[in-house]
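Working notes for the structure below.
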2 protein chains.
Amino acid sequence: MKATINDVAKHAGVSIKTVSRVMNNEPSVRQSTREKVQATVAELNYQPNLAARNLAGTKSYSIAYVYDNPNAYYVIDMQNGILSACRRQGFELLIHPCDAKKENITEEVIAMVKQSRVAGLVLTPPFSEMPEFVERISELDVKLVRIMSGDLAPDQLSPCIMVNDHDAAVSITEHLIELGHKEIAFIAGDAGHKSTVERLNGYKKALSDHQMAINEDLIIHGEYSFESGVEGAKTLMQGEVKPTAIFSCNDEIAAGALFSARLMGLDIPRELSIAGFENSPFSRQTWPKLTTAHQPNEQIAENAANLLIAQTRNQGEANPVGQYTPQLLVRDSTSSPAGTGT
Amino acid sequence: MKATINDVAKHAGVSIKTVSRVMNNEPSVRQSTREKVQATVAELNYQPNLAARNLAGTKSYSIAYVYDNPNAYYVIDMQNGILSACRRQGFELLIHPCDAKKENITEEVIAMVKQSRVAGLVLTPPFSEMPEFVERISELDVKLVRIMSGDLAPDQLSPCIMVNDHDAAVSITEHLIELGHKEIAFIAGDAGHKSTVERLNGYKKALSDHQMAINEDLIIHGEYSFESGVEGAKTLMQGEVKPTAIFSCNDEIAAGALFSARLMGLDIPRELSIAGFENSPFSRQTWPKLTTAHQPNEQIAENAANLLIAQTRNQGEANPVGQYTPQLLVRDSTSSPAGTGT
DNA sequence: AGCAAAAATGACAGCGCTGTCAACACTGTT
DNA sequence: AACAGTGTTGACAGCGCTGTCATTTTTGCT
């Protein structure tokens with residue numbers, strides 16, 4: 001029914017061990033032998049039995065995705081990306097949703113690692129940005145890869161995929177500046193998230209670069225939610241200095257801001273430009289569609305998983321750092337301010 | 001480091017096989033022996049090695065969740081529910097996202113089943129509602145459980161968890177009727193989905209029961225999307241007979257309808273009541289929050305997974321049928337029509 | 001050609017568990 | 001007391017693969 005390593009060995013006229021070597025990309029196999037085996041593998045459509053591999057070997061062929069993110073879209077994207085890498089490399093994925101705020105979350109994850117014997121973990125915010133957690137986990141016999149906001153890895157504990165929110169925020173802000181906006185507001189997300197800090201700094205940087213003053217009254221400290229956008233926009237538009245553009249820390253906030261603006265009878269984008277961040281499905285479910293920054297989550301995740309798998313095989317550099325900068329995606333919620341004739 | 005069955009056997013003073021029997025709830029173990037072993041298991045915190053189990057036994061200890069659903073919230077809920085059941089029962093979950101519209105999707109899933117040797121599959125729409133697909137898969141040596149819309153299982157091929165969209169739609173419609181609405185519109189989702197049909201029928205049933213006419217002009221055939229809600233509401237409000245309430249086939253459509261209504265300057269719910277369906281996070285991210293029907297997806301999924309696992313162990317009835325009726329959840333988007341004084 | 005070193009290959013044990021089957025310990029019966 | 005019948009337990013092989021180490025083949029060099 002299902003081909004085993006034995007079948008392949010017999011068909012190819014070599015020993016089981018040689019087939020094993022080929023399957024694991026080990027050296028010390030003559031090229032001609034390797035090809036012969038590979039041909040047989042293809043012919044019989046052989047796929048190694050994961051259970052047997054895990055049982056027999058010292059290495060493990062599974063990795064886990066540990067997450068706590070209320071954003072389902074993000075999780076699904078990450079999961080799909082990781083899964084792609086796993087399928088390609090013959091790995092298994094264990095998904096481990098859990099609560100980052102739980103008192104003994106570190107112990108819980110440590111227990112999971114010991115129990116499941118996974119070879120590595122993919123960590124996304126908030127876990128990837130919890131120094132103590134990362135440190136404790138990295139003492140275990142398990143590889144890590146972290147996806148986080150920033151431009152430089154904070155330490156050498158694992159490979160990191162950095163998402164350059166700062167530069168992307170600069171792009172968005174410059175887009176608004178170039179459209180001719182003078183009063184650009186910012187609605188921030190949760191203060192605890194690194195992404196909030198990075199995006200806010202990018203916004204400030206762009207203003208400074210263009211000799212524009214930073215007006216703290218135009219900066220709202222909110223959280224990553226629709227309601228926060230609603231409130232933020234209301235506060236801003238009732239303030240002394242009315243912005244002609246609002247840069248929201250993510251699409252959900254932007255959707256809220258947009259909603260609020262329409263309630264106030266504003267014509268978007270003519271009277272107020274609104275930009276989001278993330279390019280989540282949210283940004284396409286508003287009207288007009290949001291200008292945002294596209295973050296290729298699935299690709300980031302696949303990249304991260306590949307890096308992780310390479311680590312578990314002791315391949316690749318020790319602690320490579322990948323970097324992604326979300327790209328500006330101009331849609332219909334931004335334009336030149338009213339009265340500038342564009 | 002990690003306790004094996006051998007350690008347990010030694011500590012308890014019995015043979016490995018006896019421990020195995022206890023772990024698998026097999027009969028023919030004296031009560032006193034069973035307790036002794038269980039105590040040792042607890043003491044050593046022993047957990048069977050899944051890889052070894054899968055390798056040695058004829059049974060498998062993993063199930064797969066096969067899905068193709070663009071709704072990330074739904075998928076995450078299902079996944080979490082299934083995962084809970086798996087954790088409790090010592091099973092492993094394989095997640096298998098794929099494209100239901102792909103030409104040879106059936107062959108692809110069959111290949112996956114053979115390859116991974118999973119003991120069972122959890123199927124949600126659209127897979128659970130594809131008769132040929134289900135039939136082909138059920139010929140395999142794999143158990144199934146289906147979650148689908150309706151009140152009666154369509155066949156005896158597997159246990160089914162039925163979600164009674166019909167009755168829930170009746171509840172929502174009656175809620176609107178009781179508020180005093182006379183002209184109640186309906187915006188349907190994708191015609192191909194059974195849930196659309198069931199909800200539409202529930203809507204019609206409620207109207208009939210209350211001696212109200214069914215006006216086809218008040219029924220919009222759309223799809224499960226925000227845009228569809230926007231368009232649908234626009235069409236309805238420009239029609240000859242203006243509804244005072246709109247029942248949307250899901251929350252996303254309702255959000256679109258709500259958005260559209262606000263653009264038209266309507267005061268919600270005073271001038272127009274809008275109800276959704278699903279209680280997705282969407283329904284809480286609108287303003288006002290949507291009246292909807294709550295579908296306990298996570299619970300449904302856990303229930304389904306438990307049923308599936310019972311099947312793989314040949315426990316439980318042959319083809320049990322579970323049923324859930326989503327519950328009416330009244331929030332702020334519905335009220336008595338203007339001029340009725342409530 | 002002859003030899004040591006290096007490269008390629010294979011034999012074999014064993015990972016932690018389950019299935020099979022044999023062995024043993026009790027019953028209640030004649 | 002001898003027996004069958006039932007309930008309980010354990011010995012042992014083997015699942016499909018990898019790690020170790022021994023063996024064979026090839027290579028580079030004199």
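Note that these values count all heavy atoms, side chains included, but never hydrogens, waters or copies made by symmetry.
The CZ atom of B:R53 sits 11.5 Å away from atom CD of B:E92, with the distance rounded to the nearest 0.5 Å. The distance from atom CE of B:M78 to atom OG1 of B:T124, rounded to the nearest 0.5 Å, is 5.5 Å.
Both A:E26 and B:T18 sit near DNA chain D, but only B:T18 has its closest nucleotide nearer the 5' end.
Bounding nucleotides for the chain A contact on DNA chain C, 5' to 3', at a heavy-atom distance below 4.0 Å, are C:dA8 to C:dG16.
Judged by distance alone, the side chains of A:R146 and A:S158 do bring a donor and an acceptor atom under 3.5 Å apart. In the model, A:Q323 has no side-chain atom that pairs as donor or acceptor with a side-chain atom of A:D151 under 3.5 Å.
Evaluation of the side chain to side chain donor-acceptor pair (under 3.5 Å) rule for A:Y46 yields no partner, not counting sequence neighbours.
A:N54 comes within 4.0 angstrom of no nucleic acid atom, judged by non-hydrogen atoms across all strands.
Checked by atom type and distance alone, the side chain of B:D7 pairs as donor or acceptor with a backbone atom of B:T4 at under 3.5 Å.
The pair A:E107-A:R136 meets the salt-bridge criterion, with a side-chain N (NZ, NE, NH1 or NH2) lying under 4.0 Å from an Asp/Glu carboxylate O.
For DNA chain C, the residues of residues 27-52 of chain A within the heavy-atom distance limit of 4.0 Å (strictly under) are A:S28, A:V29, A:R30, A:T33, sorted by number.
Side-chain contact between A:K59 and A:T312: absent, with no pair of heavy atoms (C-beta onward) separated by less than 4.5 Å.
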